[in-house]
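Below is one structure, written out as structure tokens, with a few remarks after it.
We use all heavy atoms of the structure for the numbers below, so side chains are in, but hydrogens, waters and symmetry mates are not. Numbered from 1 within each chain, the chains take letters A, B, ... in sequence-line order. If you're wondering where the values come from, they're calculated on a predicted model, not measured in any experiment.
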Amino acid sequence: MDDESFGDVQRPTPLGPGSGRAGDAIPEQLLAGLNQPQREAVEHRGPALLIVAGAGSGKTRVLTHRIAGLLATREAWPSQILAITFTNKAAAEMRERVEQLVGEESRGMWIRTFHSACVRILRREAEEFGFKDSFTIYDSGDVRALLKRLIKERGADIQGLTPGSVAARISNAKNELHDVDSWARTASLENPLDAAFLELWRDYDRELRRANAFDFDDLISQTVFLLRAFPRVAAQYRKRFRHILVDEYQDTNAAQYALIRELTQPVTRAELPDLRADLPGASLTVVGDSDQSIYAFRGADIRNITDFERDFHGARTILLEQNYRSTQNILSAANAVIGNNFDRRAKNLWTDSGDGAKIIGFTGYSGHDEAQFVADEIVELTSAGMSYSDIAVFYRTNAQTRALEEVLIRTAVPYKVIGGTKFYERAEIKDAMAYLITVANPDDALSLRRIMNVPKRGIGPATEAALQAHADQHQITLRDAMRRVDEIALGPKVAAAIKDLAALLDELSARPEADPGEILRELMSRSGYTDQLRRSPDPQDAARLENVEELVAVTREYRRQNPGGNLIDFLTETSLVAAADELDDSGGQVSLMTLHTAKGLEFDAVFITGIEEELMPHRMAAMEPGGEAEERRLFYVGITRARQRLHLSLAMTRAQFGQVNPAAPSRYLEEIPAELIDWRTPPTTMRATSSQRAVGRWRDLPRESFVTGYRDAPKALPKGPKREFANTITEVRDNSGMVLEPGDRIRHKDFGEGRVQAVTGVDKKRVAEVLFDGAGRKRLLIKIAPIEKLSP
DNA sequence: TACGAGCTTTTTTTT
DNA sequence: AAAGCTCGTA
């Protein structure tokens, strides 16, 4: 930690924010190459600045140059700067770019996400606040698990309260900065459902406190409560941070807004007697774009940005509209779509870099067929020289990855799913993490319960209940009850197992500063966890063992990257990783992610898939007030990620929950001018009957773009044999023994017969390039492709 | 207590 | 399609 100094914040110049520029002028090299509004945004000084930054308008550049300017002119020490982003990746990028501009001098800035900044404050002030600084953080899975138990205990499930719904309500309330009591005062408790909910929330908060844990929403709201309850603490942070910058301001919720407000209050000598004079509030710079507000569902309030000038006295607003990212065709599509949202401040993105290629549209027969289009196009793009890592595929829901992954694997396109079912959500990883949490935070009963009988120790629900009863009776923690197992009447075998586990955990808890990787390795081997996996005949357990070993490696790597980082540090970091943080540019892989995850990123080529009614707008979102407009913004965000090539695709049928349903093109597609899209059709999969059915469902606004795409396409298609749905190619296949050479004839389950042109790669990664008689040229991963070799 | 067969549920996006 | 849950049996 390089920036712990609080008492003697140095002030390089006698001038505070709002008092004009300090001695030195901003070096010309920090302003060179900026357009006029960008330059103004870097140079402006005052109490509050709103930078309305359209997609691709260089806002990160402006932010980093602004920070660099503050440092270069000695208006601020690094320790006086707090920059807040939404993801660690954005924070890391910002830090890196500021470092590039001003070098070493940037050390000591706080560039963090909302959540990690709050964790830092909470840990530092934990004692004052009545918490232990070893607190752990519950993710949404933990929250659900805890609520599930509480609901069951109360018998509240009969009232229709589910873990998901209760979790969402608590989360919303906390984001609105309510606590149980303030919420209770506003609610009408005649409603039995509300009354039950309130009881559950009380139980939940009590359990969290007992477990010495916070949920995600607590991290922000408790920090706000802390600052409000302890003016002296608040004054220290207000004195310290003289320049606060917030990225993606349109996505802030009420709690985050309140946090910013708290931190930008002035400080008086009455609060901090060692001050020479009263200090004005920190200067605040926020950057955002209300057209990219896509997080209303987690409490983001668009009014935070639209009302900024009214909220922060003396605010100045600067608009950035020139786009440096995309071609004009892409921008025109984006502008046309977002133009359908009324009630927005007019903004028009433009570029001077030319029209570029047309947008490519594709309608598949099924989601699988659509995925095949994506794979084929990717092969085409990469053989034309584009790198895999410059390509991204977006979708609305995580469930859509299945078809995409199947086809990409088969086609031997390297890819990485960003977010989604993460590594950390696998059962064995959660087990291992629960062991670590139990060591770091002995009060956490949820994690302890999870591992108590994993691996099997004969500690079943009955034994667990006995332990819990003993704990309740003596007002001790579950962990204490395990230590005092002799006081409970249990079988000798079970008692010994409990004692052993407690002893192992206690031994490692006594070494909080040890290498987390070493702690994990010892836990896994001494608890018998790895042995149990190793002995198992289930081949899946071999994979699980590998995952656990991978986690040990990750943990070791953490210590290498963060010398001295202890177990709590490691757990905090892993709790707060965002999906976008997983991106790794070096990988040479196509990135797959949801449209939400895509925000803030950009790629040369972008595929937006599943542009259908019910999916975009999603049927769940379409019902909510403002949902339709938010879904449109989501589509807009997707479009504006593309630099050169944009592909829009949909399918006429979509499988969901194992059922195949007809799908209609999204209303948003109609909003794109027809001349911008070059509609293609699937080469072999569209049948006249089904396409007519789809056209029939198509809304009766026959815009050119669709008519040409739909009416002409089926006629041009070869009338092949009736195809089955391509959705069912999941049987396990292993062709690793198959030897293929150029010239061989093969038959493919979907593509029919073809001739092998070339074979590349080795071993498991052998890829055949095949020219199919009907389906054209494809690349196939030999090991798993649904193919058979025909006699030569 | 452990396990497996057979049943039901899934409802979006994420720090 | 897949994960979670219940209930009966060893």
query = Which pairs with one or both residues in residues 159-176 of chain A pass salt bridge (Lys or Arg N to Asp or Glu O under 4.0 Å), sequence neighbours excluded?
reply = A/Arg169-A/Asp194, A/Lys174-A/Asp205, A/Lys174-A/Asp215, A/Lys174-A/Asp218

task = Determine the Euclidean distance between corresponding C1' atoms of C/dG4 and B/dT13; express it in Å to zero decimal places.
result = 23 Å

message = Suppose you measure atom C1' in C/dT6 against the same atom in B/dT11; what distance do you get, rounded to whole Å?
response = 22 Å

ask   = So what does A/Tyr295 touch, heavy atoms closer than 4.0 Å: a base, only the sugar-phosphate, or nothing?
value = sugar-phosphate

Taking [atom1] from [X] and [atom2] from [N], how many angstroms apart are they, rounded to a whole number?
X: A/Gln656; N: C/dA1; atom1: CD; atom2: C1'; value: 11 Å
X: A/Arg654; N: B/dT11; atom1: CZ; atom2: P; value: 18 Å
X: A/Asn175; N: B/dT14; atom1: CG; atom2: C1'; value: 11 Å
X: A/Arg396; N: B/dT14; atom1: CZ; atom2: P; value: 9 Å
X: A/Ile418; N: B/dT15; atom1: CD1; atom2: P; value: 12 Å
X: A/Asp139; N: B/dT14; atom1: CG; atom2: C1'; value: 12 Å
X: A/Glu248; N: B/dT14; atom1: CD; atom2: P; value: 15 Å
X: A/Tyr395; N: B/dT14; atom1: OH; atom2: P; value: 9 Å

Is the phosphate of [N], meaning OP1 or OP2, less than 4.0 Å from a side-chain N or O of [X]?
X: A/Asn398; N: B/dT13; value: yes
X: A/Thr597; N: B/dT13; value: no
X: A/Ser140; N: B/dT15; value: no

note = Those residues at least two apart in sequence (or on a different chain) that pass salt bridge (Lys or Arg N to Asp or Glu O under 4.0 Å) with A/Arg457 are none

inquiry  = Would you call the rings of A/Phe135 and A/Phe214 parallel, tilted or perpendicular, taking 30° and 60° as the class edges?
reply    = perpendicular

key: Ring centre gap for A/His596 and A/Phe297 strictly below 6.0 Å   = yes

inquiry  = Would you say the base of B/dT13 stacks on A/Phe297 (centre-to-centre below 5.5 Å, plane angle below 30°)?
reply    = yes

query = Can you give one letter per nucleotide of nucleotides 1-10 of chain B, 5' to 3': B if a protein heavy atom sits under 4.0 Å from the base, S if only from the sugar-phosphate, - if neither?
reply = SSS------B

task = Tell me, please, which residues at least two apart from A/Lys499 pass side chain to side chain donor-acceptor pair (under 3.5 Å).
result = A/Asp486

request  = For the side chain of A/Lys152, starting at C-beta, report the closest nucleotide among C/dT6, C/dA2, B/dT15.
outcome  = C/dT6

key: Set of ring pair (Phe, Tyr, Trp, His ring centres under 6.0 Å) partners for A/Phe114, sequence neighbours left out   = A/Phe86

request  = Applying ring pair (Phe, Tyr, Trp, His ring centres under 6.0 Å), name anything that partners A/Phe129, two or more places apart in sequence or on another chain.
outcome  = A/Phe131

query = DNA chain B: A/Ser575 or A/Arg144, which has the more 5' nearest nucleotide?
reply = A/Arg144

